[in-house]
Every structure is written in C-alpha cells, then in structure tokens.
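Here is how names work: the chains are called A, B, and so on, in the same order as the sequence lines, proteins then strands, and each is numbered from 1. Remember, predicted model here, so these are calculated numbers, not experimental data.
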Amino acid sequence: MFKPVSTQVDFVKQEHEILDLWERIDAFAALKRLRAKAPRWSFIDGPITANNPMGVHHGWGRAYKDLFHRFKAMQGYQTRYQNGFDCQGLWVEVNVERELGFNSKREIEEFGLANFLTRCKQQVLKYSAVQTEQSMRLGYWMDWNDPDFLRDLYEKIGQDPSQEITVDGPLGEVTGSVEWVVGHLGMPELGGSYFTFSDENNYTIWSVIKSCEERGWVYKGRDVMPWCTRCGTGLSQHEIVTEGYQELTHPSITLRFPLIDKKGESLLVWTTTPWTLTSNVAAAVGPDLEYVKVRQGEEYFYLSEGTLKMLKGEYEVVERLKGTAMEGWRYAGPFDELPAQQDLGGPEAHRVILWDEVGQEEGTGIVHIAPGCGAEDFRLSKEHDLPVIAPLNGDGYFVEGFDWLTALNVKEVAEPIFKNLAEKGLRYKVEDYTHRYPVCWRCREELVFHLVDEWYISMGEQLDKPYSEVTEEEKVANLRYQMMEVVKEDTHWHPSFGLERELDWLRNMHDWMISKKRYYGLALPIWECDSCGNFDVIGSKEELRDRAVEGWEEFEGHSPHRPHIDAVKIACSNCGEVTSRIPDVGNPWLDAGVVAMSTLRYNSDRSYWEEWFPADLITESFPGQFRNWFYSLIAMSTILERRAPFRNVFTYATLLDEEGRAMHKSWGNMIEFNEAADKMGVDVMRWLYINHKPEKDLMFGYHRADEARRRFMIPLWNVYAFFVTYANIDGWKPVKGQQPDYAELDRWILARLNQLVSEVTRRLENFEPDRATETVEAFIDDLSNWYLRRSRRRFWAKAGLDEASDADKNAAYTTLYQVLVTLSRILAPFTPFVVETMHQNLVRTVDEGAPESVHHCEWPVPVKAWSDQNLIDEMALVQALVSMGHAARNAANRKLRQPLAEAAFRVPGSSQEATIRKYDELIRDELNVKKVRLLDTATEAIEYRLKALPKQLGQKYGAKYPAIRQAVDRLEPESAAEKLIAGETIEVDVEGETFTLEPDEVEVRVEAHRGFAAVAEGPYVAALDTELSEALVLEGLAREFVRRVQELRKQADFNVDDQIEVSYNASERLAEAIERHKDYIQGETIAVNLEASSSLAGEHRAEDTFEDEQLEFAVRRIPS
RNA sequence: GGGCCUUUAGCUCAGUUGGUUAGAGCGUUCCUCUGAUAAGGGAAAGGUCUCAGGUUCGAAUCCUGAAAGGCCCA
C-alpha cells in the first residue's frame, strides 16, 4: 500500500519534510560514501560575498551548480562539493563601518585595526551562516559548515580571538585559538566551505605575487585614478561597474586663459570640475578642428567653430584657423599665484598642446589639462613632459601649497573658486550642467581623480600583431599572451560567445592594479626599503619567518592580516636596511582568483591538486565576471602553471523583476530569498531558473512561479496522485523483473520515455539545461494528456472479473510505475524535493533495499527493448488526425458528447492508412464516432492541389524553379495527383524543355469541398458525417445524463469507487434515452440502482434543462 | 569611438544547414471536455520578423549599413 496522495498538496510544507528526511538519514554524506571511489568530476565554486543574506539572483546560479553536481553524481562521479565565501575587501569594511557608524578612515584607526579586523571577520561569519542556511533551503547539496558552528565562532572571536577551543573536524578533533580555527575554515582538518580570508588562501596569493616578481612583473606605478575620498581608496578598472555612474548636475564654468603674446586675447576654456583649475598646466586643442577668433566688445576669444553657440551675447568672427596653428601658444594660468604652481613650474609650462581626442560636443573645443586631476591628463603629461600638480590628499582635502584652499574639502570649493576667478576677471560664465558622473559603487560618494602610488602586476606589452604571430619567446615574457593561449586552447564557453568576450578583455587588459589603501584584506607581501627604494616580495610564511629581523614573535599565531603582519620587519636585500611592509592590502579579486590553486591544496598537498585540477566546470553570471573572477582565476593559474583552471564555463545573464527592471531594495521590487522560497517553493523556483535560456536576462517573480507550477509541477503531481490512488484501490504492487504484455499505448509511452532519457542526458552534457526542461515538459504533456487520459479506463476496470482485463490493467500499472520512477530520477537534479517525495512513496515503501534517497540512484539509461521510433511516429500521426477531427467537429458545431456516425480520413501513403486501421478503436473513442474509415478520394469531400516544393526543386533547378512552379500550377491536378500518389513521376514543359518531377518533389495537398464537415492540412483530411439518427441523439442524451451524475458525485465528495443509487425524473425523450442506455450509465457511474421515480431518494439532488429536455435526479451512496 | 549580445503577436520567448501558410506559452473572446487535473482540447483576434540596401529562383535566417536597447571597454 502506497501512502495516499492528495491532489491538494502543499509543496512548501513537503519540502520542509524532505529537508528533515535528508537530515535524518544523512542523505548527502551517504551519497558521498557511495561515490567515494568513483572517477572524479571537478567543480570549483565562485565565492559568494558573505556580506548580506542571499538574494533570489544567487538562487539562480546555485540552482545550476546543484543541477550539474547532482547530474554528475547520478552518472556515477565523485564531485567536489566545496562552496566558497568571499571574505575580504572593501565591501565588508563598508558594512562594518556602517554598523559602527563610522564615516572616515580616521575613525577606523581610532577604533584600532585589530578590533576592526575582528569585526570584519565577524561580519563574514555571520552572513556565511545565513547564506549557508538559505542554500540548504534551496536543496543545494554542498559540504556546508553547520551554521550554528559559524555563529559560535562569531561569538567567540568577538570575545577573544586568542582563546583556545576544540572542535570536531572530519579527521578528528582540532584544537587551536579561535583565530587559528577561523583561519583554517575549509581546510582538510576542518572541512566545510572555503573562506577567502583563510591563511592558506592568503599565503597562496603571496606565492603568486612572488612568482610574478621573479619574472619582473611586479612594479610600483604612479597614476591618476578614480578615487573615493570617503573610502580613501582608488577604484580599479575591475570595479567601475554600470552602477558606477549617476546622472548629476554640477555648476560648470567657462573662463579665460589670457594669451601672453597676444594682448587682449584669451582662450576660452570650460570645465565641470573647478577644483582642477588650481592644478592646470596646459590647454589642449584638436589638431584638425576648425577654431575661430571672435570679438566681443574689446575682447578677443578663441574657441572651436562648432561650439560658437555657447557664447553669450553678440560676437563677430574675425579669423579662422586650424588647431595645429595654435600649438605652443603661451597663456597665463588661472592660479599661477599658488605656491604649488610656482614650485612645480606650472606658469612656465603653460601652453597649448595638440590632442586628437578633443571634441566639440560640449565646452569650447579647448580642454584644460591638469595632469594631477585626470587620467587622460596624466597620460598627456608624460607625452608632453608637463609638470604634475596634485591638489588633493586621499581624504579629498587640499594639501599644502594651495594657499587659501589648503585644508578645504574638494566638495566645498566650487563657489569660492568661481568668486576668486571673477575677482581676477577670468570668469566668463557659470552654468549648471547635467552629466553622467562616476560615483563610488559601494558608498555612492562622487569620485575625484587622485594621483597616487599603487602596485601592479604587468600584463605584458600589447604587441602590434595578431595572436597567431606571437612567438613562444614573446609569450614566456608576457602574461597577456599566455592567458590568451590557455583560454583559446583549453576552455569551452557556454554560451560560446563568452570566449570572444574574454579574449577581447585579455587583449585590451591594462596592468592589474593589485593594491588598495585600506585595512582589511590580503596583506600584500611587499617590503619596500625607504633608504634605497628597493622592494622585496615574500612568497610564504616560512620565507617571512626566515627573513624576519624583528616582530616575528608579535605576529606569530595570528592570521596574515593587518595590523599584526605589519610588525614583521626584514632586511632589505639590496642595502640591508630594516624595511617595513607597505601598508596596502590586496585587490579582492586576488582572493577569489587564487581558489583554483589554494582550495585544491596547490601548496599543501600537490597530489590532491593534481587529481582535481583543472575544474570540469565553473559557472557564474557573466555581467562583470569576464573581467573579474574568470579573469583573475585564469591569471593566477597561468602565472603558476600556464594552464587553464577550468575546462568548461557556463554563464548566465542578469535576474530582473517581472517588469524587466533591476531589483533594488530601495525600489521595493526586491524579492528576498527566504520569502520566495516559502511562497513559491524551491522546486518551482529551480524549475523557473533552469527552464530559462541562460544567456537572456531572467524576469523573476510570483506570476512566473505560478505559471511554472501550473505548467510543470501540478501535471506531474496529478499523474503521480492518480497512479497512487488507483494502485491503492487495486492493491497493486510492482513485481521485480515482471514483463507484462504491454498494450500499444504502454509501449508508446515507454518509447517516449527512452527518448526523454537520451535527450535530457544529451542536453545536460552539452550544458543546455533549459533545453532539457523543454523536453521534460513536452513529455509530461504526452504522459498526462495522452497516455493517461487514453488509459484511464484500463485502471478503472473492476479487478478479478476477467483475466485479460486484469492482465491489461497490470500492464498499465507497470508502465505508469516505470515511467514515474524513471521520471523521478531524470528530474532529481532539477527539482530534488518533489521527486524525493515520489521516490520515498513509490520505491521505498515497496522495496526496503532500494536506495534511501532518489539522489543515491543511478542516472537512467535508455532501455533497448523499449525504443520504437516507428511507434512514436504512428502515434504522432494519430494525435494529429484526432486533433483535426476535433477541429472538424468544432467547425460543424457538433460537441464531443454527441456521438456521430463516422469519421473519414485521407492520408498520403499506404503505411499511414494502415496506421489508421491499427488505431481504429482509439480514434473512434477519442472522437466519439461509431466508425472510422478512409475517404474515397475519387468521390468524396476533397480536391487536389499541387505544390512544387521549393526546397527540393529550388536546389535542383535553381533559377528555373519559378517557371517550373508555374507549369505545375497549370497542370490538371486530379490526374497528376493520382500519378504522384501512385509513386510515379510527372512531366512539365517549360519553354520547350521537359522536366521530370519525382513524387517527393511535388506535394499533393488536399482541400475539403465546401459544405463538408472537413478539415484539411497539407496532404491530410479529416471529414465527419454530421447526420444525426434518433439512436445517436438518444445516446448523446444518455451521455449528458452520465455527465450530470458524475458532476453530482463530485459535488457530494464521494470516493471514485463508491457505489451509488440513482433515482430520476425526466422528460419523455430523455427518459427513453436513459432506459435504453441503462447498462452503460450504471457502468459509468458505478450505480447499482438506476430508477425512474416521481419521488427522488437521496440527499444529493440536482435538476437541469438541456436539449429541450427536463431532468431532476438524486444520488445516494451505498454504505460499503 | 571599439568589442560582444539583443530587436519576431498585447506580454515572455522558439524558429534547425536560407525553402514560399513564421510558431509556442501567457493574456483576451467564443466553443468544448472532465471518474487525476486551480488542468485539458478546438477555434478566433493579434505579425510590413526594427529599418534600408545587397546576395539568391527564394531571406526572420546570409552580407553591408543604420536605429534602438543591454553588457563590457576606451
């Protein structure tokens, strides 16, 4: 006996029961034991930032990750189940600052770096616990840490990082300080997720940087970069993302740069960043632009012709000249009186330079150049040997040397500068200007450009030749081309355009800025000597210990983070001076990029690394990752091994709300993961995710979820519920190894099942999970709306009356059982919960030796004996013909309940005619007709049309095709059609040339004569006899009556096998119909009694009028 | 300015190596079926396949250019 199954099911509640079950039987650990010796399939997880609860967009990626893991595990592989958390970097700092109410770096320093570090680690522990719970709720099977364990570490590290604790690990008990334990999360002795703040991760990055340094790829560079004054840090090329720009309005100024050698004449210059004028050194013009000299009153101005409209008031053009003509003109700068200008030689340097990038879209066509305040400006200063004046410190205040501006914040100087310029007579006009301006993507502060020293890894020169001509010698010296090499040769991208995108990024990638002027993150292993300028890179903890000259004791026992690491000093390898580590921390993409090495124990257990490297799969969302994780992952594995870290990368797009907008908390359209899980159910969520074409943005929401549930979950569940309901009524159980005498329909659905198994396997192996779900949905439709609907009566048949019927019924049960069991396995990677419910009930209740979980089962393979393409084709024809028959009924306005005398078909070819005869009974039943036959094409219902097929004839005769087609149209269709049907060729004459056309080159179409209840499609016709005899009418009425009794049974909530008594009172013709078809009605409604009576017996009653007949009736359940 | 992607029904999307009647789901309207089904079936309405050229007997599909949108870079 199976556990009864209701069609009214609470999927969410059921999912929680399954989670409990998995925990109770420790299902995941059992799976790992089962696959412990199996061949490997390697997965490397892209770390999720452990800084917030998960959003539904994380669910998307995790659904894929779990899908492929489960699929591969069922195929018999042991896989790598390590989740990753991204733990270091500015985003964690920003959130901790927010919690502590800090607004500047100074407050962090006052708070103390050691305390701040602990807070940051706590932040990560807190949210990794939350995300772990959420991922488990999604059904994502990974080597999770117990969330309570993470929370316990959160508490303890907050109390005292140095206190000693003992914890259980996979290899036994482990004892150490809390800080040590936290720093070893994810390591073999502790297991669980990897955390990028682990000691191993940090030290492995050291070895990467060391390896770069040995090849001369590490250098300190000076650059002007986008800078957040609040965070006190630059934003690298990696980080300025879409949201890095905002529409903002700023006051812009147009001002005079008086020309020294032309009295009374000035350049007109425009800027939206007045603070940069303090550091102006040059003015740039476009060499090929047209410039004009205009007179306004007593003054003469120069500007480009295309920007004349910006002038206020009347003007007169007095001269035209090319930009090149202005090169070298000297001018007086707007702030030449400032000491900073004087000291660095600004006034002497001021001149007009040429720059191709100058345009006329805005401003005056003359661009003010301040190399200390802009990236392009800085580049130009190198080209033209201009002084670099940098006005701001890292917090956005003017530095010494700027007189009255010194110590003012950059945000408050615009107005005073305008005033100052007006007093000096340089101001021309001030206007508000709206533009897209870069902001800090973490704190939304407006960015400025700031001159700063940063550390870089050289990507290598961009050579002026195609990749194919780069020599091995050049590659050895050049990281860029090594990375392109491993990507081209060893990686596969899904979708495939990912490869092009990644290569494009690599071709154009600038040197990788790896430093950050912050506190919490990788301690860059660079010790720089103040006295000789040399720097040393340390490649490991051991190397540091060996070279330490002071501070080692203070550091030992701590994780390699600030402030403890900063205590360690080494002797400069060049001059022997005691040197300190640079204060910078690392770019967080170093942390994420190294995991293909660190988490595979590259430095600690090389044989393990060799077994699992490279990953068979990585998968992440593609916006951003080409230049972030994919890039850094490839970079680090290329640096160390010159190998690709993964074979396949599966990427997907962006998750949006149902209206197609990005989800934002502040917009109120954000859906919390937990809320979604408990409203939709995670099986539905997962189906929604996986069913979507990955490279397209996914619009996610409750309506979509309802649709997915209706389209997929409910039909699946209903088939399952149907099976269990009737199997229980009959006490049916599967018998192992039994080969029942399958009916045609059974063999058909089993053949379709085989098809499904092959197709889903192929799709998953090709990384096309969305196509796999399409295949499943089509199958479930066939199963539910054809197989089961057509088979219902076989299940209803009364048991024990007749041997043939019992055998047939057993075949039907066996078939449906096999389908459901196989389906539960096919679907296990997609919707792991609902299929576990099915497995437990269908399989475990009848076979205690069966796998404890559906997820321990093996992936289905097609059963050879079940394959039957011919049968599938036949059934497809039958389905199509039935569909046409329904259409014909509809056109003739004959509803299905009314039996008709006959349906007649025309099909091309004798084998299809045989199919009609073979499925005679099915078609009759489906269309409710008494007889099915073939149309006599000569006399009945149809006429022929010929169609010269373009594909065949076009390819064969090319340009002659149109004429041939016309000739075919002119043929007498009946006789030509007869020939073609008989398999003979026909001939057409075109301009004196005779063409012989094969039967497969001309399609014979048929059309129904007007006035027939017939539908034609291509070569097919379905026609109905719509004449109604009295007998047919009465039978129709009987069916109407049955329908109404069934309706009442349902309303009365009787069981499907309850016996009933019916009494009725009907008008004359209806009463006759009921009387004549009494047996049929009783059989259909399980009525032991059917009596005409003026007084109705039974508490459930109904009355109705239809087809001009009156009816009242009552039903009563007979107690069993 | 450069790279990649997208543009097909009211909405969301399919559309195989080019083949002449461009499909599905949802939504709307009408009809219908139901002994598992908040299901199912049939039909109607709804398309200048973003635009302009080109190649071809034939273009949603290939080529060129343009426009709009997205992602990335400069």
Under 4.0 Å, heavy atoms only, any strand: does A/R965 hit a base, just the sugar-phosphate, or nothing? base
So A/Q1046, base contact, sugar-phosphate only, or nothing? Heavy-atom distance under 4.0 Å. base
Please determine if a side-chain N or O atom of A/K693 lies less than 4.0 Å away from the OP1 or OP2 oxygen of B/rG15. yes
Does a nitrogen or oxygen in the side chain of A/K947 sit under 4.0 Å from OP1 or OP2 of B/rU21? yes
By the 4.0 Å heavy-atom rule, please label A/R897 as base, sugar-phosphate, or nothing. sugar-phosphate
Sugar-phosphate only, base, or nothing, as touched by A/L953 at under 4.0 Å among non-hydrogen atoms: nothing
Distance between the P atoms of B/rC51 and B/rC11, in whole angstroms? 16 Å
Using a 4.0 Å heavy-atom cut-off, does A/E1047 contact any base of the nucleic acid, only the sugar-phosphate backbone, or nothing at all? nothing
Check every strand shown and say whether A/S883 touches a base, only sugar-phosphate, or nothing at a heavy-atom separation below 4.0 Å. sugar-phosphate
Base, sugar-phosphate alone, or nothing: which one does A/G1083 contact when heavy atoms must sit under 4.0 Å apart? base
Across the strands shown, which category fits A/L788 at heavy-atom distances under 4.0 angstrom: base, sugar-phosphate, nothing? base
When all nucleic acid strands are considered with a 4.0 Å heavy-atom cut-off, which category describes A/R789: base, sugar-phosphate, or nothing? base
Aro-ring/base stack A/W796-B/rG35, d under 5.5 Å, angle under 30°: yes
